[in-house]
Number of protein chains: 2
Amino acid sequence: MQSGRKSASVDKAFELVHAVSDAGRDGITLGALASRAGIAVSTAHRYVTSLLELGVLDRDAAGSYRLGVTLIMLAGQYLDEDGLRAAARPYLAELVEVSGETVHLGVLVGEQIVYVDKVESAKSIRLVSHIGKRAPLHCTAMGKAMLALLGPARRDEILSGPLEVRTPKTLVGNALLAELGVVRDQGFAIDDEENEEGVRCVGLAIMNASGEPVGAFSVSAPAARFSRDDCHRLAPKARAMAADISKRIGGRTPYRRSST
Amino acid sequence: MQSGRKSASVDKAFELVHAVSDAGRDGITLGALASRAGIAVSTAHRYVTSLLELGVLDRDAAGSYRLGVTLIMLAGQYLDEDGLRAAARPYLAELVEVSGETVHLGVLVGEQIVYVDKVESAKSIRLVSHIGKRAPLHCTAMGKAMLALLGPARRDEILSGPLEVRTPKTLVGNALLAELGVVRDQGFAIDDEENEEGVRCVGLAIMNASGEPVGAFSVSAPAARFSRDDCHRLAPKARAMAADISKRIGGRTPYRRSST
DNA sequence: ACTCTGCATTCGAGTTACTCGAATCTATTT
DNA sequence: AAATAGATTCGAGTAACTCGAATGCAGAGT
């Protein structure tokens, strides 16, 4: 095998980083790391040495490996430079104003949403959430808004995978498929306690120039004070925003096509 | 040259990532990237191919390279697992309550602070700030709080470097050194518009078991409504918190030693 | 319509820097 | 003091890397 077109070292290094990431709060030892990543201990050690020096990984008091602060710095840089985020910010802020609830911005990554921005409402009950957190597509407002606009092939590929039933109200199978039709028609998605009990959200997708959904935003609030009607009342304004944001990033207007 | 103790590939890959990070909002081309990192274009291409596939880098519409969302996911994971952050959270929240102003948590990385957490005040004038953002040590409340507790050798090393004068009130040279003495004595630092005009902060360091400052927290507010007296009024409570947080992460009580 | 220019991508020869298992070192536990 | 678990170093062998040059591709200029 001569020169492939990518770097095995880089791939393995990030496999290690992900292994550390997956290890969670307790960290992980070198040996465990090596076996998870499927490489020899001594090799893993070599990589880890570099990653430590770079600050991508870190060691805790017990000597276990953790993620390092370099990741935070890079992520901060990413957020500073993210065009979608910059374009969406003012709209999100306005949406918090009019709704009085917390607003999130997410991007589509593989079969998940990654939260990249959040504007919190002044109200006291804070929904715990993190920038960088991931969430599934099928049971969130942002996710369903994007799924509804995805090409049928890609969409079915995602829907055919295992879909976690997170609450009694989570939709899967044909019910979900039907729901996506409704989402496409009305131009927004409602997560009616499908992802987390007691939390209701409205979500809308943002499109790029090729007409693919690249991200979405949502308004989330405790179900007790945020009814389905509230969602519908918010929708016209939010739809105009989704169109504006999409235009700002050079994309198309979402929800303007008929599709299977 | 036989087996060194670290991986050249990993080092170079991250040099590329940093080069992309430094490139800023406009992204960067492969050629420019290669020359900045000091490697051949074809080699850079190989690395970049892997980094793209991993989502660490991304390409924009124009084909320029940008940072990718994988960094956000990893950073989110880091924040979830960060012990200091977990230990400090409740205190920071309480500090926002009592002060009514925005509170930040930062860690010491090299000669800079990296912000890892923020709890915003309800008040409307929002100080723009980002998790992941970096700030210098010599002209911030967090930075001075940590500098004051750093070993003299390390401290002088940092102070002897070039120190940016950011505002008319920024302290450098002997004035700064004297100020650090005051900080050590009183157990907290005040940034009196030294980093940014119109912004005043109180900062306190958090220590690890070896007695080194590993992080700090600060209360920041518009100078107009946050006087030096306000800072002093807040100090006793904040000092108790710094001690508690340090203890929680297995560290010593800060500001309890005499030093040069 | 054609060429030019800038950049991305592929290719192939040469060799560096990687990979692995085993040995050694270090720290913690019994 | 011995045992255990993990980190670190070593050395032989070779896979995967590096570089310059060639090729491919798209947009700008004439």
Side-chain angles (χ1 to χ4, degrees), chain A residues 1-17 19-20 22-68 208-210 250, chain B residues 1-17 19-20 22-68 208-210 250:
Chain A
M1 198 178 318
Q2 65 184 34
S3 55
R5 58 188 60 62
K6 56 180 189 155
S7 162
S9 302
V10 173
D11 288 353
K12 281 185 204 136
F14 273 93
E15 216 158 300
L16 289 175
V17 173
V20 172
D22 292 343
R25 217 168 297 271
D26 300 322
I28 186 169
T29 67
L30 182 61
L33 205 46
S35 78
R36 280 214 204 183
I39 58 187
V41 183
S42 50
T43 308
H45 181 255
R46 178 196 268 281
Y47 284 116
V48 161
T49 303
S50 274
L51 292 170
L52 283 176
E53 190 177 292
L54 291 161
V56 174
L57 295 183
D58 205 351
R59 303 186 74 169
D60 62 18
S64 292
Y65 295 96
R66 306 300 200 84
L67 296 177
N208 68 8
S210 331
Chain B
M1 199 175 318
Q2 66 186 33
S3 55
R5 57 190 57 66
K6 56 179 189 156
S7 163
S9 301
V10 173
D11 288 353
K12 281 184 203 138
F14 273 93
E15 217 159 298
L16 289 175
V17 173
V20 172
D22 292 343
R25 216 168 298 273
D26 300 323
I28 188 169
T29 67
L30 182 61
L33 206 46
S35 77
R36 280 212 203 185
I39 58 184
V41 181
S42 51
T43 307
H45 181 256
R46 179 197 268 280
Y47 284 117
V48 161
T49 302
S50 273
L51 292 171
L52 283 175
E53 191 177 290
L54 291 161
V56 175
L57 295 183
D58 205 351
R59 304 186 73 168
D60 61 18
S64 292
Y65 294 95
R66 306 300 200 83
L67 296 177
N208 68 7
S210 332

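Throughout, a chain's letter reflects where its sequence line sits, starting with A, and its residues are numbered from 1.
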Who pairs with A:Ala40 by side chain to side chain contact (heavy atoms under 4.5 Å, CB included), at least two apart in sequence or on another chain?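 A:Ala40 satisfies side chain to side chain contact (heavy atoms under 4.5 Å, CB included) with A:Ser42, A:Thr43 only.
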Could you pull out all residues at least two apart from B:Ala34 that satisfy side chain to side chain contact (heavy atoms under 4.5 Å, CB included)?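 Expected list: B:Val41, B:Ala44.
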Compare side-chain N and O positions of [X] against OP1 and OP2 of [N] and report whether any pair is under 4.0 Å apart.
X	N	value
B:Lys12	D:dT18	yes
B:Arg5	D:dT8	no
A:Tyr47	C:dC18	no
A:Thr43	C:dC18	no
B:Ser9	C:dA17	no

Check: protein-nucleotides 23-30 of chain C nitrogen or oxygen pairs below 3.5 Å:
none

Is any side-chain heavy atom of B:Arg36 closer than 4.5 Å to a side-chain heavy atom of B:Asp22?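 Yes, their side chains come closer than 4.5 Å.
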Would you kindly give the CG-to-C1' distance between B:Asp11 and D:dC17, to the nearest whole Å?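 Value for this atom pair: 15 Å.
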Can you tell me the distance, in whole Å, between the CZ atom of B:Arg46 and the C1' atom of D:dC19?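 Value for this atom pair: 11 Å.
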Would you give me the side-chain donor-acceptor pairs under 3.5 Å for residues 49-63 of chain B, sequence neighbours excluded?
from	atom 1	to	atom 2	distance (Å)
B:Thr49	OG1	B:His45	O	2.7
B:Ser50	OG	A:Ser7	N	2.9
B:Ser50	OG	A:Ser7	O	3.2
B:Ser50	OG	A:Asp11	OD1	3.0
B:Glu53	OE2	A:Lys6	NZ	2.7
B:Arg59	NE	B:Gly63	O	3.1
B:Arg59	NH2	B:Gly63	O	3.0
B:Asp60	OD1	B:Ala62	N	3.0
B:Asp60	OD1	B:Gly63	N	3.0
B:Asp60	OD1	B:Ser64	N	2.9
B:Asp60	OD2	B:Arg66	NE	3.1
B:Asp60	OD2	B:Arg66	NH2	3.3

So which of A:Leu30, A:Leu33, A:Ile28 actually passes side-chain contact (heavy atoms from CB on, under 4.5 Å) with A:Leu16?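 That would be A:Leu33; it is the only one of A:Leu30, A:Leu33, A:Ile28 passing the side-chain contact (heavy atoms from CB on, under 4.5 Å) with A:Leu16.
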Residues that B:Tyr47 engages under side chain to side chain donor-acceptor pair (under 3.5 Å), provided they are two or more places apart: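 Partners of B:Tyr47 by the side chain to side chain donor-acceptor pair (under 3.5 Å) criterion, ordered by chain and then number, come out as B:Ser9.
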Identify all pairs in which a protein N or O lies below 3.5 Å from an N or O of nucleotides 5-9 of chain C, and state each distance.
from	atom 1	to	atom 2	distance (Å)
C:dA8	OP1	B:Leu30	N	3.0
C:dA8	OP2	B:Leu30	N	3.0
C:dA8	OP2	B:Gly31	N	3.1
C:dT9	OP1	B:Arg59	NH1	3.4
C:dT9	OP2	B:His45	NE2	3.1
C:dT9	O5'	B:His45	NE2	3.3

